[in-house]
Amino acid sequence: MQIDFTAIEKKWQREWEEKGVFEADPDGKPKFFITIPYPYLNGNLHAGHTRTLTIGDAIARYMRMKGYNVLFPMGFHVTGTPIIGLAELIQKRDERTIEVYTKYHDVPKDVLLELTTPEKIVEYFSNEALKALKGIGYSIDWRRVFTTTDEEYQKFIEWQYWKLKEKNLIVKGSHPVRYCPNDQNPVEDHDLLMGENATIVEFTVIKFYFEDGETNKIIFPCATLRPETVFGVTNIWLKPTKYVLAKVNDETWFVSREAYEKLTYTDKEVKLVGEVDARDFFGKFVVNPLTNDKIPILPAEFVDTDNATGVVMSVPAHAPYDYVAIEDLKGDEEYLKKFGLDKSLVENLKPIVLIEIENEKHTIPAKEIVEELNIQSQKDVEGLEKATKALYKKEFHKGILLDITGEYAGVKVSQIKDRLTRDLIEKGIGDVFYEFSEKPVVCRCGTKCVVKLVKDQWFLNYSNPKWKGKVLEHLKNMQIVPDYYKEEFRNKIEWLKDKACARRKGLGTKIPWDKEWLIESLSDSTIYMAYYILAKYINSGLLKAENITQKLLDYVFFGVGDANGVARSSGLDKEVMEEIRKDFEYWYPVDLRSSGKDLVANHLLFFLFHHIAIFPENLWPKAIAVNGYVSLEGKKMSKSKGPLLTMKRAVEEHGADVTRLYILYAAEYDNDADWRRRDVEGLANNLRRFYSLGLEYYKKEPKSLTKLDKWLISRFQRAVKNTREAMDNIQTRRAVNTAFFEVMTDVRWYLRRGGENLSVIFDDWLKLLAPFAPHICEELWHLKHDTFVSLESYPKFDESKIDVEAEAIEEYLRTLLEDIKEILKFVEEPKEVYISPAEEWKQEIIGIVLRSDNMKEAMKEIMSREEFKKMGKEISAFVKKAFKDKKDGLLLDSGINEVKVIEENIRFLERELGVKVSLNSEKVPESKRKSAMPGKPAIFVV
RNA sequence: GCGGGGGUUGCCGAGCUAGGAAAAGGCGCAGGGCUUAAGACCCUGUCCCGUAGGGGUCCGCGGGUUCAAAUCCCGCCCCCCGCACCA
């Protein structure tokens, strides 16, 4: 059958909009405020958005039908840098960008080429997003839509930041970023040619120094990831090559040229003094600032001048590289001679052990592992890397510092780094040096990136223990779906550090007290759900940017201030102001925020932190739900590279209901869903089938109810129960599976059995499915009603409609049919089937079940009897089902009357089997009759 | 490395927190029906064996507990995601 899904969908979308059925305002009903993170519009909405939003919409529709006054609003996020970047790329006619946006985002090329400014991009994509969202039929209250560059929104953000500032939750600090010296800008992942996986690691610098009599001290800044090993240093290493001397603040540092360059991007004052040759320093001595030991400077080829300072301290007891390098020196007199070094100098170097592993004997760990791996020289880089990694890992996790480390003795290695670094810096003998974890890191422009320290940056003080503590405390009271994400959230909250919230570049709101800076885009989208309340009044023209003063928002959100005074000072009509206040009091807090799992470690955390900082406890979010991603035919989607499926295209090609149903059914919770065309088309067939069933049966007036009808109703009640349970747990997959597919399976059986009153469940079936496939349900519903099914009340489970006997009969017939068919497979030219029921032990088992407390107990008793033991599998299944029924209060104390059931359905059996069937025990041989069981009659075919 | 999740029948996935029927549902595939035909729809089959409803082997691997384990316990292997200043 040809069905024009699109026409049906457009029709109902128009109707909903015209009648404003999803516009929500305070009323007497309990409220439910659900929000989905507004999408970021540097492209079209895609299948990923479709998933998160459809889940949200299904919940919104479900809750609405359950009797809640549901507010489901939406806005658009455009602040930040990507939109600016996109505008630049389009302006430059970047080929890749043009390809991706025409091919995957479905932007017509002529239109795309016009999008050369951020403003045009925002306008274009927000229009497209609006169309896409309306075209899929979300039950959004569109009176509240807004964009984050709106002047009014910025007023709101300013208010928010003043509040945070007042609470001292915004502090100044510095932090290291990946930076391109050529572009003079921080670089993001997608700006990189190479090194996306590089992270910034923090080396500890320890200032060894060299005293040359009357000249100034020269600092040899040794960079290390294991500062505790400073207690075991025997010498330092330089590469036999040129280095430089540089003025670093007030000190003179000896560093590699590369290191000097890197230092210029730090917060230090750096000036080049001149070039020096490491070779001139070999054999001379520096002082270990912590132990005051004098140690020699020695050459080593493994030193990488492009890693950190290029000056390395040597700890032969714990660093395989150092141990091997010293051994190399000892055995290479020529090399020593080349640098004028005396052999005794290296021969006196004794490894100093400073870490012990619990329950292991004292040894020299580096020596041991080098020998174990049979590493012969420092040229065996592979072996040394392996040894270093293994040793470091072991010592980090299990190591404890020995007495030689003085005040640190007994501290775990894993606990020492930050503490020691801090102490060293305090004493003026330490520093930090940032470096990439892997190299090279190259910008798209071809320039090598560096680590730059951004100074005097504004930070959100998330590490504040009081703030964090409150968030952790509130988390305990929240509902997190799926539940194991609560632990994930807890960990992430603990892990969260201060976050830089200011940027130089991008779209957004300026920091109100420091207009040089823009508020970073994840930091301006944390409590905006409150803004939806204002947005309605802004869009209707009642509330204007100039009205949105600090005092007004204090009044609206906190109820603080004198109403007359606030109204006067903000220039707003007092009644409007009071209404906004009432709206806010009615709708807040957020009852559910449903989001993709990619936002767990950032947005959703900030969402919690900011609510908790700014609002009183009764307005903190109640629940968060998290869902997984969507892939396309098994491939990951990518906004910037493709493949990508836009929401609009999915709906155009398959229809809104099919798209919705598929995406809801494709996966549960945080599992990823895969969009597979063939499956989507398969689902479309199912939906067409549903529609034609509706056309065929819905309007037929039901006749008086048969036992079969009661079976259908009973089964349907179970589906109602199951669907509600699923939706209450935000399990849309399970819900669609029961409400659609499983009911469909029952309907098939019902029709096959000759059922004629399908319409008895159809009203409820439409309601049951309305949250998932609202258009088709609305269309069918209107065959009989003038109301909107979207506003009907959701079916309730009615236990009185459960008909255990009817269910047992159908179950009996189904298995009987199967058994006979199984036998017929083996009989050529069957003429007649004889059936002879048995009734003995089933009653007995039911008796045991009724007087047993649990299955285990019952089975024990049953299995102690020989005649049952040999039927163990059959019986255990029967008992399991019996217990389930018992728990539901549905256990029959007498089985069905098999004879009667067969008699009544003999024609059905014959029709199905295409052979004569009769109920006749005498024709069944004795041996077969003996093996008959209740529910499993003896069958004999001739 | 740390943290979170996971390995089920051709595929996707239930079931695994309350042990109890080769293990829901969807998709795919095969056969049959309907049809002028195709599609749609309906039925059947889809681990192996089997001329009587049966038997055998199964839920990453190896052990254990139990009348009974995909489910509980112990050990091992493998996979995915996050670790940021970016939306």
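Just so we're clear, the structure is a prediction, and the values are computed from it rather than from any experiment. Just so it is clear, the values below take in all heavy atoms, side chains as well, and ignore hydrogens, waters and symmetry mates. Here is the naming used below: chain letters follow the sequence lines, and residue numbers restart at 1 for every chain.
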Per A:Glu488 side chain, nearest of listed nucleotides B:rC86, B:rG3, B:rA52:
B:rG3

Does A:Asn671 place a side-chain N or O at less than 4.0 Å from the phosphate oxygens OP1/OP2 of B:rA14?
yes

Which part of the nucleic acid, if any, lies within contact of A:Asp498, taking any heavy atom under 4.0 Å across all strands shown: a base, the sugar-phosphate backbone alone, or nothing?
base

Does a side chain donor of either A:Asp670 or A:Tyr485 reach within less than 3.5 Å of an acceptor in the other side chain?
yes

Classify the nucleic acid contact of A:Leu824 as base, sugar-phosphate or nothing, counting any heavy atom under 4.0 Å across all strands shown.
nothing

Hey, does A:Arg734 reach any base, or is it just sugar-phosphate, or nothing, if we go heavy atoms under 4.0 Å?
nothing

Within the structure, does a side-chain N or O atom of A:Arg718 lie under 4.0 Å from either OP1 or OP2 of B:rA24?
no

Checking only heavy atoms, does the side chain of A:Glu494 share a donor-acceptor pair with the base of B:rG3 at less than 3.5 Å?
no

B:rA87 phosphate, OP1 or OP2: any side-chain N/O from A:Thr81 under 4.0 angstrom?
yes

Cation-aromatic face contact A:Lys499/A:Phe459, 6.0 Å, 45 degrees
no

Sorted by number, residues from residues 735-743 of chain A placing a heavy atom under 4.0 Å from RNA chain B are A:Asn737, A:Phe741, A:Glu742

Quick check on B:rC43: is either OP1 or OP2 less than 4.0 Å from any side-chain nitrogen or oxygen of A:Arg748?
yes

Touch class at under 4.0 angstrom, heavy-atom based, for A:Tyr629 against every strand present:
nothing

Side-chain N or O of A:Arg504 versus OP1/OP2 of B:rC85: is the shortest distance under 4.0 Å?
no

Contact class for A:Lys497 vs. all strands (heavy atom < 4.0 Å): base, sugar-phosphate, or nothing?
base

Just checking, A:Arg504 and A:Trp517: is the charged tip under 6.0 Å from the six-membered ring centre and within 45° of the axis?
yes

